[in-house]
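Just so you know, these numbers come straight off a predicted model, no measurement behind them. Atom set for the values below is all heavy atoms of this structure, side chains included, hydrogens, waters and symmetry mates excluded. In what follows, chains are A, B, ... by sequence order, proteins preceding strands, each numbered from 1.
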Amino acid sequence: GAVVSQHPSRVICKSGTSVKIECRSLDFQATTMFWYRQFPKQSLMLMATSNEGSKATYEQGVEKDKFLINHASLTLSTLTVTSAHPEDSSFYICSARGLTELTNYGYTFGSGTRLTVV
Amino acid sequence: GIQVEQSPPDLILQEGANSTLRCNFSDSVNNLQWFHQNPWGQLINLFYIPSGTKQNGRLSATTVATERYSLLYISSSQTTDSGVYFCAVASGNTPLVFGKGTRLSVTA
């Protein structure tokens, strides 16, 4: 089936530093990818929609200058958390929709990145 | 936007019991998926089911699109079924919107 690879799976960083998270579709092309954030014992909340070759679309309340998204190819989107602070500690997970039979037209998710800012 | 409500929020079962999880949504959708999130956070895609009925082993799901709800059935539950079950929907090319989930605990 369709596979979305996300790295790193876990990262601990110091407050004020930046962290980059990669999301790759391994066996299909994804013109659109989505980034979600999940706080403990809560649901997944959409942060932004990443479009290949164009600017990302951010949900209300998400700071675009803090969460930089780059979708430079049909198989790779990156999320960079800039100047991270402890309140940015969360579980970040990406998703891609493949418009082929391989993906059954559904959304496939990466394995997530647990970010801890100390 | 679309609203997704899941019930019950929490469920405790004895091993071997059956259960039904419900997902109500507020608008027409062309994509509905059920996920199981394991203790490590990974989302496992259980069903892509915008309409109709599907079965996979001890799990089955039914979506009645005209009435805007979906049901996930778990039969003969096992401790490994524990975790959070999410229903997520989308309309057109919009991203998936998630419900708040049902937290299932299966005890031996």
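Within the 4.5 angstrom heavy-atom criterion, only side-chain atoms of B/Ala90, from C-beta onward, approach chain A. Looking at A/Leu46, the atoms closer than 4.5 Å to chain B (heavy atoms on both sides) all sit in the side chain, from C-beta outward.
Each of A/Thr57, A/Thr49, A/Thr32 was scored for a side chain to side chain contact (heavy atoms under 4.5 Å, CB included) with B/Pro95, with one residue passing: A/Thr49.
Counted within 6.0 Å of CD on B/Glu5, heavy atoms from surrounding residues, nucleotides or ligands total 12 or fewer; the atom is thus considered open. More than 12 heavy-atom neighbours from other residues, nucleotides or ligands sit within 6.0 angstrom of CD1 on B/Ile44.
No continuous path of ILVMFWY side-chain contacts below 4.5 Å connects B/Tyr69 to B/Val97, so the two sit in separate hydrophobic clusters.
Contact check for B/Leu43 versus A/Ile93: side-chain heavy atoms found under the 4.5 Å cut-off. Using a 4.5 Å heavy-atom threshold, the side chains of B/Thr94 and A/Phe34 count as separate.
Between B/Arg103 and A/Lys41 the shortest heavy-atom distance is NH2-CA, 3.5 Å. Closest approach of A/Ser43 to B/Gly99, counting heavy atoms only: OG-O, 2.5 Å. The two atoms that bring B/Leu96 and A/Phe109 nearest to each other are CD1-CE1, 3.8 Å, heavy atoms only. Looking at every heavy atom in both residues, B/Phe86 comes nearest to A/Gln42 through CZ-O, 4.1 Å.
Contact annotation for residues 65-87 of chain A against chain B (heavy-atom separation below 4.5 Å): no residues qualify.
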- Message: Could you go through A/Arg10 and B/Trp40, starting from their C-alpha distance and side-chain angles, then the distance that decides it, and tell me whether this counts as side-chain contact (heavy atoms from CB on, under 4.5 Å)?
- Response: CA-CA 11 Å; A/Arg10 186 180 295 269; B/Trp40 296 273; 5.8 Å; no

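To the nearest 0.5 angstrom, A/Leu44 atom CG is 9.0 Å from B/Phe35 atom CZ.
Remark: the backbone N or O of B/Gln33 is not paired with any side-chain donor or acceptor of A/Tyr107 at under 3.5 angstrom.
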